[in-house]
Amino acid sequence: MRKISVLSILVILVSMFQSCSEKVETDLTKTAFIPKPTTVTATGDGYKLTNASLIYVQEGAEGLLGTAEILAERIEQLTGSSVETKTTSSPPSKGVYISLADKEQLNDQGYELKISKNLVSIKGADAAGCFFAAQTLLQTLPVEADNTQTLYIPTGTITDSPEYTYRGAMLDVARHFFNVEEVKQYIDFLAMYKMNVLHLHLTDDQGWRIEIKSWPKLTEIGGQTEVGGGKGGFYTQEQYKELVEYAADRQIMIVPEIDMPGHTNAALASYAELNCDGKARELYTGTEVGFSTFCTDKEVTYQFIDDVIRELAALTPGPYIHIGGDESHVTAHDDYVYFVNKVQDIVAKHGKKIIGWDEIANAKLIDDVTVQFWADVENTTMGVEKGAQVLMSPAARAYLDMQYDSTTHLGLHWAGYIEVDHGYNWDPATLVEGISKDNILGIEAPLWSETVTNIDEVEFMVFPRLPGYAEIGWTAPSERNWDEYKTRLAKHGKRFEALGIDYYKSALVPWEE
Ligand code: NGO
């Protein structure tokens with residue numbers, strides 16, 4: 001009896017000492033989650049991370065092991081001890097357990113994360129929900145830790161699901177080429193904030209970046225330069241598959257874009273027959289837009305597109321192919337409509353759905369087309385009238401290549417300056433009259449790369465705006481306001497630093513020292 005009470009006193013003393021020296025946070029509601037979850041309730045205790053040396057995955061549930069492995073890798077980095085992952089047929093009482101909820105219990109991509117003293121339970125509506133829950137869990141942990149520290153996760157329950165199922169960012173790899181490793185880093189950025197689509201702008205006047213085996217000169221010639229005259233580059237189909245898989249492991253779908261009939265100089269330089277006059281164009285390394293077009297009344301143009309889409313569709317597990325369609329200033333209106341109509345049929349024939357920039361609304365629009373609103377409200381509402389869904393990428397709010405202010409050393413400002421608050425403070429469902437939530441597939445923030453040449457520059461334009469776009473896509477508008485958001489964002493500055501991310505230290509955000 002006596003012995004036990006001495007022991008308990010000792011335990012209390014040790015734990016008091018621990019909590020003084022380590023400042024253990026036990027209030028889950030204090031974590032600066034981005035995107036903000038639907039509900040967070042705290043139970044005031046701590047789960048000791050070393051208990052996580054086992055991560056269990058529900059036996060027979062598909063697609064969860066990848067999440068377990070990514071979580072294990074991160075915990076190993078933080079604690080310095082190895083973490084085992086294994087499947088189990090019965091829920092454990094200790095460790096981390098990842099499983100699927102009954103379908104009716106949660107919304108698509110949603111999850112319930114329950115942290116108790118001995119068990120961290122992740123229940124996802126689907127594999128994506130489990131992955132997003134893991135990202136939430138990781139935000140309760142420091143980004144850096146020395147291996148001697150004991151880490152605690154505050155206990156409580158989070159239930160969560162996204163406002164929009166499509167939450168994306170675009171990377172223009174055509175104006176400046178970004179290699180496989182750089183694209184993987186970009187994917188990691190999206191994954192941290194539960195974004196689930198990477199749109200790759202694979203072709204433009206300045207470069208053709210995806211190997212097409214039936215038309216090899218596209219990359220042999222069209223892939224060999226970029227804006228400013230650098231050496232450009234392209235992805236082999238093998239490399240592209242590697243990107244698709246890397247993204248899929250992080251619950252991200254890649255939407256490939258072949259921009260046409262304009263923005264096609266790289267293809268027109270590679271194959272003379274795609275030009276109406278039969279003469280190959282010179283490669284282009286400037287930044288003007290709107291001067292190139294495929295020859296819309298030549299049969300070879302459509303044979304070419306059929307081959308390109310066939311090969312691309314085979315590399316694309318996701319449902320979408322983006323056909324561009326923007327700024328075809330030198331294609332006559334009727335030719336443009338004729339062209340977009342034919343291309344839609346080609347994409348549909350290869351089993352994919354179409355996304356195009358808002359100009360494509362001028363064509364007939366087959367079923368299941370998505371119009372990506374970037375500039376023209378009239379085009380977009382016309383698209384909706386024709387039955388299309390809308391992907392919201394308003395240039396004046398969501399273009400990651402817009403400068404923050406007039407002193408920003410990179411970027412453009414044709415659509416205005418986008419400070420961090422301006423990028424955050426809008427609601428896709430009310431921004432444009434005549435376009436409501438029912439019409440909206442989701443939101444996407446595009447990074448065009450006329451001025452952005454390497455991953456450090458990408459980071460500077462993307463951070464800290466990207467977490468804001470992720471939150472717009474995930475969190476209900478009634479739960480979002482800038483004054484509260486900026487205090488959460490401020491706490492992510494340290495994360496960016498620990499990850500080596502070069503970010504724009506906006507004066508509007510109260511960054512923590
Ligand atoms: C426009 C244009 C792109 C530019 C970008 C620069 C669209 C859809 N077409 O957006 O070619 O790179 O602006 O901000």
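Not measured: the values here are computed from a predicted model. For ligands, and for the atoms within them, numbers begin at 1 and follow the listed sequence.
- Ring geometry, His322 versus Trp357: the interplanar angle falls from 30° to 60°, so the pair is classed tilted.
- No salt bridge links Arg480 with Glu471; every basic N to acidic carboxylate O contact stays at or beyond 4.0 Å.
- Residues lining ligand 1 at a heavy-atom distance below 4.0 Å are given as Arg175, His263, Val289, Asp326, Glu327, Trp357, Trp374, Tyr399, Asp401, Met402, Leu412, Trp414, Trp448, Glu450, ordered by chain and residue number.
- With Tyr164 as the aromatic partner, Lys437 meets the cation-pi criteria of under 6.0 angstrom to the ring centre and within 45 degrees of the ring axis.
- Ring pair Tyr424/Trp482 is tilted by interplanar angle, where 30° to 60° counts as tilted.
- Put simply, OG1 on Thr285 and CG on Asn265 are 10.0 Å apart, with the number rounded to the nearest 0.5 Å.
- Atom OH of Tyr503 and atom CG of Leu489 lie 9.0 Å apart (nearest 0.5 Å).
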